[in-house]
Amino acid sequence: MPDLSSDPQLDAFDIATLRAELKTLQADSAVSGIHVLENTPSSNDEAAQLARAGAPNRSLVIAQSQSAGRGRRGNVWNSPPGRDLLFSLLLYPDPDTQGIELQNLRLPHLVAVAICHAIESVLPDIVSQIKWPNDIYAQGKKYAGILIESASISSKPYFIVGIGINVNSLNSERPAELHTTATSLREECQHLIDRHQVMAAFLHHFDQLYPRGLVDFSSISKELTRRSLLIGHEISASLNGEKITGKAIGFADYGELILESTQAHGKEQRIIHSADLVRLL
Ligand code: BTN
């Protein structure tokens with residue numbers, strides 16, 4: 001395998017190359033302004049700053065490295081400089097599409113499916129699975145995560161879709177506690193991957209699904225089930241300190257997980273909107 005660190009060109013991220021990839025996919029309109037930053041605390045914060053400055057819908061911030069990258073549940077998101085994709089897409093929800101809250105519930109699932117489509121379009125041998133609600137896996141290991149944050153500026157709501165995709169990083173570059181649970185696309189297919197191609201593929205596939213998929217959620221829901229790492233399995237989920245267990249049997253209308261547990265009086269179903277921690281039992 002080539003030594004990535006010996007070739008600085010491999011680490012560069014170039015807006016013109018990304019634009020060319022988007023053109024090839026006829027997806028020029030999937031993104032508006034593109035901002036590439038060598039280092040920032042978090043691309044989500046940069047995108048929020050752009051929203052406050054009135055940046056257009058679908059502005060994109062790509063970070064070559066982050067000093068305070070955030071994951072869900074207050075976790076840190078680590079990635080070595082220039083290897084992976086760390087980006088945030090600014091979206092202003094369409095007030096006519098549906099309630100903002102409901103869009104907020106469905107959006108992460110739509111993003112997860114778009115990541116799976118994008119990766120399979122670039123690397124057809126990788127089979128992506130979704131660990132509800134926000135983690136993307138290949139061969140039982142996590143390679144991407146989604147952190148969606150929302151706020152409003154002058155009463156205008158916005159979403160920041162923050163995504164980290166381990167593209168070219170190696171296990172040796174990750175914290176030891178992730179060695180058995182995380183992977184990268186490069187590790188899965190044993191060759192270096194052009195990040196521009198992956199970035200363009202995501203924008204293209206997201207554009208295909210958004211915003212229509214927020215209204216017509218049935219095909220997204222089918223894919224969530226087909227790609228789910230949880231459905232059909234006994235799981236435990238922790239919800240604000242409460243631990244609940246049961247069999248994951250499906251998804252409800254807004255992507256909530258349906259858990260079935262056996263009680264003294266019979267089977268009981270519970271719908272979970274989000275969970276702090278989900279484990280397969
Ligand atoms: C998770 O799996 O917990 C979500 C990880 C999201 C990480 C991305 S990297 C780009 C964007 N900026 C951040 O600070 N976080 C997201």
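This structure is a prediction, so every number in the text was calculated from the model and none was measured. Whatever order the structure lists them in is the order used to number ligands and atoms, beginning at 1.
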Open item on the list: Between His117 and Gln208, does the side-chain hydrogen bond (donor to acceptor under 3.5 Å, both in side chains) criterion hold? Intermediate values first, please.
Closed with: CA-CA 10 Å; His117 288 183; Gln208 303 272 299; over 6 Å; no
Task: Side chain Ser261, main chain Gly246, donor-acceptor under 3.5 Å - done: no
TODO: Heavy atoms only: give me the nearest Leu90-Pro56 pair and the separation to one decimal.
DONE: CD2-O, 3.8 Å
Open item on the list: Which heavy atom of Ser42 sits nearest to which heavy atom of Ala68, and what is that distance?
Closed with: CB-O, 3.8 Å
Closest protein heavy atom (residue, atom, distance) for [atom]:
atom	result
atom 5 (C) of ligand 1	Trp77 CE3, 3.4 Å
atom 6 (C) of ligand 1	Arg70 O, 3.5 Å
atom 12 (N) of ligand 1	Gln66 OE1, 2.9 Å

- [ ] Please determine if Arg58 and Asp207 form a salt bridge, counting it only when a charged side-chain N lies under 4.0 Å from a carboxylate O.
- [x] yes
Open item on the list: Between Arg270 and Glu242 (salt bridge meaning N to carboxylate O under 4.0 Å), is one present in this structure?
Closed with: yes
TODO: Inspect the surroundings of NZ in Lys247 and state if more than 12 heavy atoms from other residues, nucleotides or ligands are less than 6.0 Å away.
DONE: no
Open item on the list: So, 4.0 Å and heavy atoms of Asn44: is ligand 1 close enough to count as a contact?
Closed with: yes
TODO: Measure the distances from the heavy atoms of Ile146 to every atom of ligand 1 and state whether one is below 4.0 angstrom.
DONE: yes
Per-atom contacts, ligand 1 versus [X] - under 4.0 Å to a heavy atom:
X	value
Ser43	10 (C), 11 (C), 12 (N)
Gly164	7 (C), 8 (C), 9 (S)
Arg72	1 (C), 3 (O), 4 (C)
Gly71	1 (C), 3 (O), 4 (C), 5 (C)
Gly69	14 (O)
Lys142	1 (C), 2 (O)

TODO: Check each heavy atom of Asp135 against ligand 1 and say whether those closer than 4.0 Å belong to the side chain, the backbone, both or neither.
DONE: side chain
Open item on the list: Do Ile115 and Ile126 sit in one hydrophobic cluster, given that two such residues count as connected whenever their side-chain heavy atoms are within less than 4.5 Å of each other, even indirectly?
Closed with: yes
TODO: Provide the full list of ring-ring contact (aromatic ring centres under 6.0 Å, His included) pairs with a residue in residues 136-184, sequence neighbours left out, each pair given once.
DONE: none
Task: Asn134, any N or O under 3.5 Å of ligand 1 N or O - done: no
Task: Contact (N/O only, under 3.5 Å) between Ser42 and ligand 1 - done: yes
